[in-house]
Amino acid sequence: MKFIGIIPARYASTRFPGKPLAILGGKTVIQRVYEQASSVLEEAYVATDDERIFNAVEAFGGRAIMTRADHKSGTDRIEEAAEKIGTNADVIINIQGDEPFIQQSQIKTLMQLFELPETQIGTLGKRFDKMDAVTNPNSPKIVCDRKGFALYFSRSVIPFVRGQEQAAWLDHYPYLKHLGLYAYRREVLREVTQLPQSPLELAESLEQLRWLENGYRIRVGLTDVETVGIDTPEDLRRAEEFLKNR
């Protein structure tokens, strides 16, 4: 199978404008993401709607594709990029443009999910180790079946452990945190970007519920690596510390 990585990156972030071009340890955030992706994948691209990001990527020797500015999600942006590239890849990996510390092992785990022909979409989960993290609505939870396919994603704490104090729930169920890294079979990416928003997606504000609600099968790979995403200038400062101490 052939895999390519596409990294959606836009300049106009509400909480951190210009985030992809922020400097982290002497390199831009987008260069660090690109280099991590390229260390595993033979082909990687940055999909952007901003000439400053496009030019920065080309300046460090990366591949960049200009896309429209009106996309509602990174998934829509990578579909346009895939069409423009004209790729013959079997699977397209959507790598978040604000994850400069994405690990080779995480990308390889995603790739391995497609050894099973039933896998249409792949993503990653990591075991929670603290109950207060489980109860955080900004950390979506995944419930999977015995083959590792997602049954549901939720901002709520699922499942409910009956007969136990919530503080002890982690002792009774292996709660799984969703990490926002995706891979799609080429034809599936084309299909899911044509779907209208679904009731569950609108309720939870989780795009992946649109795919589940329409019958697509999402297989979840397990990782023990925590991501260090950058959403705000404060996150960038934490990332600098992480880089120094790594």
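One-based numbering along the sequence shown.
Between Glu118 and Arg219 there is no salt bridge, since no side-chain nitrogen of the basic residue lies less than 4.0 Å from a carboxylate oxygen of the acidic one. Under a 4.0 Å N-O distance rule, the pair Arg186/Glu79 qualifies as a salt bridge. Between Asp50 and Arg52 there is a salt bridge, since at least one side-chain N of the basic residue sits less than 4.0 Å from a carboxylate O of the acidic one. Taking 4.0 Å as the cut-off between side-chain N and carboxylate O, Glu241 and Lys244 count as a salt-bridged pair.
Legend: salt bridge (Lys or Arg N to Asp or Glu O under 4.0 Å) pairs involving residues 157-170, not counting sequence neighbours: none detected. Residue pairs meeting the ring pair (Phe, Tyr, Trp, His ring centres under 6.0 Å) criterion with at least one partner in residues 5-43, sequence neighbours excluded, are Tyr34-Phe60. Counting only residues at least two apart or in different chains, salt bridge (Lys or Arg N to Asp or Glu O under 4.0 Å) contacts with residues 98-109 comprise Lys19-Asp98. Among residue pairs with one or both ends in residues 23-37, those qualifying as salt bridge (Lys or Arg N to Asp or Glu O under 4.0 Å) are Lys27-Glu35; sequence neighbours excluded.
Of the possible donor and acceptor atoms, none in the side chain of Trp211 sits under 3.5 Å from a partner among the backbone N and O of Tyr216. Of the possible donor and acceptor atoms, none in the side chain of Tyr45 sits under 3.5 Å from a partner among the backbone N and O of Gly62. Within the 3.5 Å criterion, the main-chain N or O of Leu202 finds no donor-acceptor partner in the side chain of Ser205. The backbone N or O of Arg217 sits less than 3.5 Å from a side-chain atom of Gln120, completing a donor-acceptor pair.
Residue Ile4 comes nearest to Ala89 through the heavy atom pair CG2-CB, 3.8 Å, listed as atom of the first residue, atom of the second, then distance. For the pair Val91 and Ala183, the tightest heavy-atom approach, listed with the atom from each and the gap, is CG1-CB, 3.9 Å. Leu113 and Thr119 make their closest contact through O-OG1, 2.8 Å (heavy atoms, listed as atom of the first residue, atom of the second, distance). Taking each heavy atom of Leu222 and Thr109 in turn, the nearest pair found is O-CG2, 3.8 Å.
Taking the side chain to side chain contact (heavy atoms under 4.5 Å, CB included) definition, one finds that Ser156 meets it with Ser154, sequence neighbours left out. For Arg127, the salt bridge (charged side-chain N to carboxylate O under 4.0 Å, His left out) criterion is met by no residue, not counting sequence neighbours. Partners of Thr223 under the side chain to side chain contact (heavy atoms under 4.5 Å, CB included) rule, at least two apart in sequence or in another chain, are Gln106, Leu124, Lys126, Leu179, Val225. With sequence neighbours excluded, no residue forms a ring-ring contact (aromatic ring centres under 6.0 Å, His included) with Phe114. Taking Arg10 as the reference, Ala12, Asp49, Arg77 meet the side chain to side chain contact (heavy atoms under 4.5 Å, CB included) condition, with sequence neighbours excluded.
Looking at Glu213 and Ser198, their side chains do bring a donor and an acceptor atom within 3.5 Å of each other. Side-chain N/O atoms of Glu207 and Thr75 include a donor and acceptor closer than 3.5 Å.
In Glu42, the CD atom is not crowded: 12 or fewer heavy atoms of neighbouring residues, nucleotides or ligands sit closer than 6.0 Å. The neighbour count for Gln164 CD, taken as heavy atoms of other residues, nucleotides or ligands under 6.0 Å away, is above 12. The number of heavy-atom neighbours closer than 6.0 Å to CZ of Arg15, taken from other residues, nucleotides and ligands shown, is 12 or below.
With contacts defined as side-chain heavy-atom distances shorter than 4.5 Å, the pair Thr48/Val57 does not qualify. Annotation: side chain of Arg210 is in contact with side chain of Asn214 (closest heavy-atom distance under 4.5 Å). Contact check for Arg237 versus Glu240: no side-chain heavy atoms found under the 4.5 Å cut-off. You'll find the side chain of Ile107 stays beyond 4.5 Å of the side chain of Phe3, heavy atoms only. Between Met111 and Val40, the closest side-chain pair of non-hydrogen atoms falls below 4.5 Å. Proximity of Leu200 to Leu212: side-chain heavy atoms (C-beta onward) are nowhere separated by under 4.5 Å. Taking 4.5 Å as the limit, some side-chain heavy atom of Thr135 sits within range of a side-chain heavy atom of Gln166.
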Decide side chain to side chain donor-acceptor pair (under 3.5 Å) for Thr232 and Glu234; before the verdict, give the C-alpha distance in whole Å, the side-chain angles of both, and the deciding distance to 0.1 Å.
CA-CA 5 Å; Thr232 65; Glu234 290 73 26; 3.3 Å; yes

List the atom pairs, with distances to 0.1 Å, where a side-chain N or O of residues 140-150 and a protein N or O form a donor-acceptor pair under 3.5 Å, not counting sequence neighbours.
from: Lys141; atom 1: NZ; to: Val134; atom 2: O; distance (Å): 2.7
from: Lys141; atom 1: NZ; to: Asn136; atom 2: O; distance (Å): 3.0
from: Lys141; atom 1: NZ; to: Ser139; atom 2: O; distance (Å): 2.7
from: Lys141; atom 1: NZ; to: Arg155; atom 2: O; distance (Å): 3.1
from: Asp145; atom 1: OD1; to: Lys147; atom 2: N; distance (Å): 2.9
from: Asp145; atom 1: OD1; to: Gly148; atom 2: N; distance (Å): 3.0
from: Asp145; atom 1: OD1; to: Phe149; atom 2: N; distance (Å): 2.8

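In the hydrophobic clustering (ILVMFWY side chains linked at under 4.5 Å, chained through shared members), Ile23 stands by itself. Annotation for Phe54: hydrophobic cluster partners, listed by chain and number, are Met66 (ILVMFWY side-chain heavy atoms under 4.5 Å, direct or chained).
One distance of note links CG of Leu189 with CD of Gln194; it measures 9.5 Å at 0.5 Å rounding. To the nearest 0.5 angstrom, Ile92 atom CD1 is 7.5 Å from Ile85 atom CD1.
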